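Okay, structure first, notes after.
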Amino acid sequence: MEIPNAYYHTFNIDVIAKHIHCFMAAKKLAQAMGKDEEMLYAKKKSDDGAETIYLCPASYKDSVKVEREIEEYMETVPDGYAVNLKYLCSQKPFLPNGTRKLSIYIVDTTPFLSPTTKDETNIWKIASSSFLTDNSFEVRSMYQDILLKSSGKTAPYSSVIPIADGTTLAVLALKHKAQTSFLLRTTEVLKAVQLMCSRKFMEAFSTGVTIYTFYL
């Protein structure tokens, strides 16, 4: 399938093993129903309930289904918690001789480190604990730079950055309630302009700023 390297940098072996088990169970169910690629769907919560992984074919229809479910979940998250999302798409079909790639959604819900004033931009004060522990120095620095550039702006902040591997990073930073999301709407926009992303991330901060990044 050739899952992007970001996946292996994010999860340890034990968690990856659980994800593989989840995928195999979904694959067996789809095979039993006679439609291997079209019917594959899986959802698995971590033991502590803080993380949920979704697996589905990489199609617009399936993305809409999963992202709508994620947004409905976000409406139930209490104040003081961040909902962060990682999306990865396999580079090849998930079945031998298949045509569908695999979409992986990982939704993480953890409390913010502390309540802060709306004008705070120090990432160590406004991020969730999982964001700070899961991401590298380079990633934290990138988000810190976005927060500084978007600070004080009434309109959403956007940027397009060429990446060394040939992909393009599109950034969108805007303020909205923690229980709100533009995840599905951005997917609809990308489809309208005929763009597909191999990775996308949604990171929430306690100031009300949410940063969406898309690797196109």
Side-chain angles (χ1 to χ4, degrees), residues 2-12 15-16 50-51 53 63 67 70 74 81-91 103-178 180-187 189-190 193 195-216:
E2 292 192 12
I3 302 297
N5 288 333
Y7 173 80
Y8 302 102
H9 296 160
T10 301
F11 300 105
N12 61 38
V15 174
I16 291 174
E51 181 184 278
I53 180 171
S63 291
E67 292 178 12
I70 291 171
M74 290 179 66
Y81 280 77
V83 178
N84 297 326
L85 176 138
K86 300 177 180 68
Y87 166 83
L88 305 164
C89 181
S90 67
Q91 296 175 18
S103 285
I104 305 173
Y105 290 84
I106 303 106
V107 180
D108 181 78
T109 309
T110 51
F112 292 114
L113 291 177
S114 62
T116 58
T117 61
K118 63 179 182 179
D119 297 323
E120 181 61 68
T121 57
N122 186 334
I123 204 166
W124 290 94
K125 295 182 179 180
I126 63 177
S128 65
S129 56
S130 63
F131 173 86
L132 295 174
T133 56
D134 291 349
N135 289 298
S136 65
F137 171 80
E138 290 77 14
V139 171
R140 293 196 302 268
S141 297
M142 181 185 76
Y143 277 90
Q144 180 66 83
D145 184 58
I146 296 169
L147 286 166
L148 290 171
K149 289 179 178 177
S150 63
S151 178
K153 297 183 182 296
T154 55
Y157 169 81
S158 62
S159 161
V160 177
I161 307 167
I163 304 297
D165 63 3
T167 58
T168 299
L169 172 61
V171 175
L172 176 64
L174 65 165
K175 280 195 172 186
H176 57 67
K177 293 181 180 179
T180 306
S181 168
F182 285 82
L183 177 64
L184 181 53
R185 272 170 273 189
T186 56
T187 296
V189 169
L190 289 174
V193 297
L195 288 174
M196 295 185 65
C197 58
S198 60
R199 292 173 283 158
K200 61 183 174 184
F201 302 87
M202 179 181 73
E203 304 287 356
F205 300 91
S206 63
T207 52
V209 174
T210 298
I211 298 176
Y212 300 82
T213 52
F214 309 89
Y215 290 80
L216 306 172

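Residue numbers run from 1 in the order of the sequence given. What you are looking at is a predicted structure, and each value in this text was computed from that prediction instead of being measured.
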Could you label the plane-to-plane angle of the Phe131 and Tyr143 rings as parallel, tilted or perpendicular, counting under 30° as parallel and over 60° as perpendicular? perpendicular
Between Phe205 and Glu120, is there a side-chain heavy-atom distance shorter than 4.5 Å? no
Reported [atom1]-to-[atom2] distance for the pair [X] and [Y], which is rounded to 0.5 angstrom:
{"X": "Lys200", "Y": "Leu216", "atom1": "NZ", "atom2": "CG", "answer": "10.5 Å"}
{"X": "Ile146", "Y": "Ile123", "atom1": "CD1", "atom2": "CD1", "answer": "8.5 Å"}
{"X": "Lys86", "Y": "Met202", "atom1": "NZ", "atom2": "CE", "answer": "10.5 Å"}
{"X": "Asp108", "Y": "Ile53", "atom1": "CG", "atom2": "CD1", "answer": "12.0 Å"}
{"X": "Leu172", "Y": "Ser159", "atom1": "CG", "atom2": "OG", "answer": "10.5 Å"}
{"X": "Leu147", "Y": "Thr207", "atom1": "CG", "atom2": "OG1", "answer": "6.5 Å"}

Do Ser151 and Tyr157 have side-chain N/O donor and acceptor atoms under 3.5 Å apart? no
For [X] and [Y], work out which heavy atoms get closest and say how close.
{"X": "Cys197", "Y": "Cys89", "result": "O-CB, 4.3 Å"}
{"X": "Tyr105", "Y": "Leu85", "result": "CD2-CD1, 4.0 Å"}
{"X": "Met142", "Y": "Thr213", "result": "CE-CG2, 4.5 Å"}
{"X": "Tyr87", "Y": "Ser103", "result": "OH-OG, 2.9 Å"}
{"X": "Gln144", "Y": "Thr121", "result": "NE2-O, 2.7 Å"}
{"X": "Ala82", "Y": "Ala204", "result": "CB-O, 4.1 Å"}

Among residues at least two apart in sequence or on other chains, which ones pass salt bridge (charged side-chain N to carboxylate O under 4.0 Å, His left out) with Lys175? none
May I have the step-by-step check of side chain to side chain contact (heavy atoms under 4.5 Å, CB included) for Val107 and Met74, ending in yes or no? CA-CA 10 Å; Val107 180; Met74 290 179 66; 5.9 Å; no
Donor-acceptor pair, distance only, cut-off 3.5 Å: does the side chain of Glu203 make one with the backbone of Val209? no
